Q: 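Let me begin by handing over the structure; questions about it come next.
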Amino acid sequence: MIKRPNVTKEDILKKISTKLGLPKSFSEEILDNIFKIIIDGLKRDGKVKFTNFGTFKILNKSPRIGRNPTTKKEYQINSRRVISFVSAKYIKNKINN
């Protein structure tokens with residue numbers, strides 16, 4: 001199996017630190033605060049929008065019946081909240097051009 005390269009938190013921290021000339025520990029504090037702001041916004045408003053980037057939303061999933069594909073046994077999947085991200089047109093255009 002080929003492992004796909006992902007952008008990690010470590011990669012982001014290195015870029016912030018290099019581009020802004022900040023210590024890595026301070027860059028990590030900045031990034032952690034950005035994540036906290038997004039989480040707090042989702043908890044409070046159910047939605048966080050970044051212009052020209054995209055929107056994070058909380059969606060409520062209803063309970064449903066699921067099946068184990070191997071055994072075909074049915075089981076109840078409880079209701080839950082999930083986070084959805086919809087990218088802005090600007091990002092879609094940047095990726096596709």
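Please read these numbers as outputs of a predicted model, since none were measured by experiment. Position 1 is the first residue of the sequence, and the numbers go up from there.
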Q: According to a 4.5 Å side-chain heavy-atom criterion applied to Ile, Leu, Val, Met, Phe, Trp and Tyr, with indirect links allowed, do F26 and L20 form part of one hydrophobic cluster?
A: yes
Q: Would you give the length of the straight line joining atom CD of E28 to atom CD of E10, rounded to the nearest 0.5 angstrom?
A: 7.5 Å
Q: Any salt bridge between D40 and K36, counting N to O under 4.0 Å?
A: yes
Q: NZ of K9 to CG of L31: how many Å apart, nearest 0.5 Å?
A: 6.0 Å
Q: For V7, is there any backbone N or O sitting under 3.5 Å from a side-chain donor or acceptor partner on D11?
A: no
Q: What verdict does the side-chain contact (heavy atoms from CB on, under 4.5 Å) test give for Q76 and I65, after you've listed the backbone C-alpha separation in whole Å, the side-chain angles of each residue and the deciding distance to 0.1 Å?
A: CA-CA 5 Å; Q76 178 72 29; I65 300 294; 3.4 Å; yes
Q: Any idea which heavy atoms bring L59 and S84 closest together, and the distance?
A: CD1-CB, 3.6 Å
Q: Please find the pair of heavy atoms, one from S27 and one from I16, that lie closest to each other, and give the distance.
A: OG-CG2, 3.5 Å
Q: Could you tell me the separation between the OG atom of S79 and the CG atom of N60, rounded to the nearest 0.5 Å?
A: 8.0 Å
Q: Does V86 share a hydrophobic cluster with F56, counting links as ILVMFWY side-chain heavy atoms below 4.5 Å and allowing steps through other members?
A: no
Q: Is the number of heavy atoms from other residues, nucleotides or ligands within 6.0 Å of CZ (R81) greater than 12?
A: no
Q: When you group the ILVMFWY residues by side-chain heavy-atom contacts below 4.5 Å and let the links chain together, are F53 and F35 in the same group?
A: yes
Q: Centres of the F50 and F85 rings: under 6.0 Å?
A: no
Q: Are the side chains of I30 and L22 in contact, using a 4.5 Å heavy-atom criterion?
A: yes
Q: Please determine if K57 and D45 form a salt bridge, counting it only when a charged side-chain N lies under 4.0 Å from a carboxylate O.
A: no
Q: Going from OG on S87 to NZ on K94, what distance comes out if it is rounded to the nearest 0.5 angstrom?
A: 14.0 Å
Q: Hey, are the side chains of L42 and I83 touching, using non-hydrogen atoms and a 4.5 Å cut-off?
A: yes
Q: Do R64 and N78 have side chains that approach each other closer than 4.5 Å (heavy atoms only, starting at C-beta)?
A: no
Q: Strictly distance-based, threshold 3.5 Å: is any side-chain N or O of N68 a donor or acceptor partner for the main-chain N or O of T70?
A: yes
Q: Could you check whether atom NZ of K49 has more than 12 heavy atoms from other residues, nucleotides or ligands sitting under 6.0 Å from it?
A: no
Q: Counting only N and O atoms by type, is there a donor-acceptor contact under 3.5 Å from the side chain of S17 to the main-chain atoms of L13?
A: no
Q: Given a cutoff of under 4.5 Å between side-chain heavy atoms of I, L, V, M, F, W and Y, with clusters grown through shared members, what are the other residues clustered with Y75?
A: I77
Q: Side chains of E74 and R67: closer than 4.5 Å at any heavy-atom pair?
A: yes
